[in-house]
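Order of the sequence lines sets the chain letters (A, B, ...), proteins ahead of strands, with each chain counted from 1.
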Amino acid sequence: MISERQIDPAGRQLTRSDNYFEDFEPGDVIVHPRGRTLGESEHMMLTNLVLNTAQLHFNQAMCDGDPKSYFGGRRVVYGGIVLAFVCGLASEETSENAIAELSMDEGRHKAPVFAGDTLFAESTVLEKREWEGDGPLAGPPSGVVKFRLVGKNQRGEVVLEIDRELLVKRRPVER
Amino acid sequence: MPERKAPTRGRYYEDFELGARFAHHWGRTITEGEAQLFSTWTMNANPLYFNRVYARSLGHPACPVNPLLSMNVVFGLSVEDLSEQAIAHLGYWKLRFLEPVYPGDTLFSDSELLDLRPSESKPDRGIVHVRTRGTNQDGKTVLEYERKILVKRRAAHAAREAP
């Protein structure tokens, strides 16, 4: 295992140094700094990219024909894409120094997201624990951090809640 | 005799049976370019998914695929069997990422039906509870999760949708 400082010939550090395992305290709340507006075509492109064939995400005529079933005739954004963006918005503060995503649980889509909505993210540190495992996820010294991740829209309504466990690097010992 | 065929896709609530298992069709190979694109497109700041030098320094032979892409592909492969007639996807439970996925790996998706129950508030829909497993070309399970889907009842919807 080469040290992080040796990766780049210039000694550049490739990840931030304020989001190691030691930097998280149970009870901490992190309001992630960026928002992300979902575009009309990009959510359909991502839906089709992953072979999701549920037409309520990409067939406007079908939604127009049955507004009672389909959110008043609006095409809803596929939840897996909402989850990916909310994780992305949270990533620089939570998972940039993660060496693996371990698990997610208690994930709920609480409100629909539509094109034009802007997503925001907040994380709460629920717990930390030592990592006992090895195998395919073995790597540098690290520990498990469990977060509750919340996604909100531009009106502050919660659209997604999910608990996630990440394997996060410990702060490297400087020599 | 030639005929005009108009197949429909997706299962209604009535089409599910407890204990049913689904070996979803297609399978999908994930390439390096799309894995990196997905990660940066969704603003994921972990260089593990887009910097090969960094990924190798952590012991990986290549950038692992962002697990959210792997999960979405395994999910996407399951939609035609499970949720093409869904009204909403309610959530995820017990999602575990068990093995790294690398560019060039091919993912397959299998599901089993865990529970079925009619909606308490709306008679035109029911809740389908499934467990889905994603495997790679070597048959190794790379991820698994449970999800609950709000699915239309045929009785209430088929007539409404006839063109």
Side-chain angles (χ1 to χ4, degrees), chain A residues 1-4 6-8 14-16 34 36 42 46-56 62 65-66 68-71 76 78-81 83-85 87-89 91-93 95-109 112 136-140 161-162 164 169, chain B residues 9-10 26 28 34 37-48 51 53-54 56-60 64 66-69 71-80 83-100 124-125 140 145 147-148 152 156-157 160-161 163:
Chain A
M1 195 75 50
I2 55 174
S3 91
E4 208 168 311
Q6 290 170 293
I7 296 170
D8 182 88
L14 297 176
T15 55
R16 300 180 64 90
R34 303 189 183 102
R36 177 66 157 75
E42 69 169 340
L46 285 163
T47 297
N48 295 140
L49 180 88
V50 300
L51 291 170
N52 183 334
T53 53
Q55 299 193 77
L56 77 169
M62 184 188 82
D66 187 2
K68 271 179 73 180
S69 296
Y70 303 120
F71 301 100
V76 69
Y78 160 45
I81 297 308
L83 174 63
F85 273 105
C87 286
L89 288 168
S91 60
E92 196 168 334
E93 290 75 44
S95 63
E96 190 193 42
N97 267 312
I99 61 169
E101 302 254 355
L102 297 176
S103 67
M104 297 188 184
D105 201 6
E106 299 296 328
R108 284 180 181 81
H109 289 289
L137 300 176
E161 258 179 25
I162 197 163
R164 57 200 295 241
K169 277 187 280 180
Chain B
R9 301 285 182 223
W26 295 338
R28 189 175 181 307
E34 64 178 346
L37 181 67
F38 182 89
S39 220
T40 52
W41 190 348
T42 58
M43 302 178 72
N44 201 303
N46 193 340
L48 183 59
N51 181 334
V53 174
Y54 179 76
R56 283 183 184 149
S57 80
L58 292 173
H60 292 279
N66 182 334
L68 287 158
L69 175 59
M71 188 279 282
N72 270 296
V73 165
V74 169
F75 187 124
L77 290 167
S78 79
V79 168
E80 188 174 314
S83 56
E84 189 153 338
Q85 294 295 347
I87 295 167
H89 158 58
L90 300 175
Y92 321 80
W93 287 266
K94 299 178 189 168
L95 167 57
R96 295 196 302 152
F97 298 107
L98 300 164
E99 288 278 335
D124 65 340
R125 56 196 70 179
K140 273 191 184 164
Y145 60 85
R147 70 168 166 136
K148 290 180 186 173
K152 292 186 277 190
H157 288 270
R160 206 190 288 172
E161 280 168 12

Legend entry - Engaged part of Arg34(A) at the chain B interface, taking heavy atoms whose separation is under 4.5 Å: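 For Arg34(A), side-chain heavy atoms alone lie under 4.5 Å from chain B.
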Legend entry - Contacting region of Glu42(A) [heavy-atom separation from chain B under 4.5 Å]: both
Rounded to the nearest 0.5 Å, how far does [atom2] of [Y] lie from [atom1] of [X]?
| X | Y | atom1 | atom2 | result |
| --- | --- | --- | --- | --- |
| Thr42(B) | Arg36(A) | OG1 | CZ | 8.5 Å |
| Asn46(B) | Glu92(A) | CG | CD | 11.0 Å |
| Leu89(A) | Asn44(B) | CG | CG | 10.0 Å |
| Arg125(B) | Ser69(A) | CZ | OG | 6.5 Å |
| Ile99(A) | Leu48(B) | CD1 | CG | 8.5 Å |

Inset, instruction - Go through Ile87(B), Thr40(B), Val74(B) and name the one with the most non-hydrogen pairs under 4.5 angstrom from chain A. - result: Ile87(B)
Inset, instruction - Heavy-atom pairs under 4.5 Å with chain B are the metric here; pick the option from Ile162(A), Leu56(A), Leu46(A) that has the most. - result: Leu46(A)
Legend entry - Heavy-atom pairs under 4.5 Å with chain B, option from Leu83(A), Leu49(A), Val50(A) with the top count: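 Result: the option with the highest number of such pairs is Val50(A).
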Shortest non-hydrogen contact between [X] and [Y], atoms and distance:
| X | Y | value |
| --- | --- | --- |
| Phe75(B) | Asn52(A) | CE2-ND2, 4.2 Å |
| Asp105(A) | Trp93(B) | OD1-CA, 3.3 Å |
| Glu96(A) | Tyr54(B) | O-OH, 4.2 Å |
| Met43(B) | Ser91(A) | O-OG, 3.2 Å |
| Thr15(A) | Pro47(B) | CG2-CG, 3.5 Å |
| Asn72(B) | Ala84(A) | ND2-CB, 4.4 Å |

Inset, instruction - Only counting residues at least two apart or in another chain, list the ones meeting side-chain hydrogen bond (donor to acceptor under 3.5 Å, both in side chains) with Arg147(B). - result: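 With sequence neighbours excluded, Arg147(B) shows a side-chain hydrogen bond (donor to acceptor under 3.5 Å, both in side chains) to Ser78(B), Ser83(B), given in chain and number order.
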Inset, instruction - Mind checking side-chain hydrogen bond (donor to acceptor under 3.5 Å, both in side chains) for Arg9(B) and listing every partner two or more places apart, or none if nothing turns up? - result: none
Is it the side chain or the backbone of [X] that comes within 4.5 Å of chain A heavy atoms, both, or neither?
| X | answer |
| --- | --- |
| Arg96(B) | both |
| Trp41(B) | both |
| Phe38(B) | side chain |
| Leu95(B) | both |

Legend entry - Pair Leu90(B)-Arg108(A), side-chain contact (heavy atoms from CB on, under 4.5 Å): steps then yes or no: CA-CA 6 Å; Leu90(B) 300 175; Arg108(A) 284 180 181 81; over 6 Å; no
Legend entry - Validation row, ring centre Tyr78(A) to ring centre His89(B) under 6.0 Å: no
Legend entry - Distance-only side-chain donor-acceptor flag, Glu80(B) / Thr53(A), under 3.5 Å: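 Note: Glu80(B) and Thr53(A) side chains miss the donor-acceptor criterion.
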Inset, instruction - May I ask you to test the Phe97(B)-Leu102(A) pair for a side-chain heavy-atom distance under 4.5 Å? - result: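 No, every pair of side-chain atoms sits at 4.5 Å or beyond.
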Inset, instruction - Decide yes or no for Leu51(A) and Val79(B): does some side-chain heavy atom of the first lie under 4.5 Å from some side-chain heavy atom of the second? - result: no
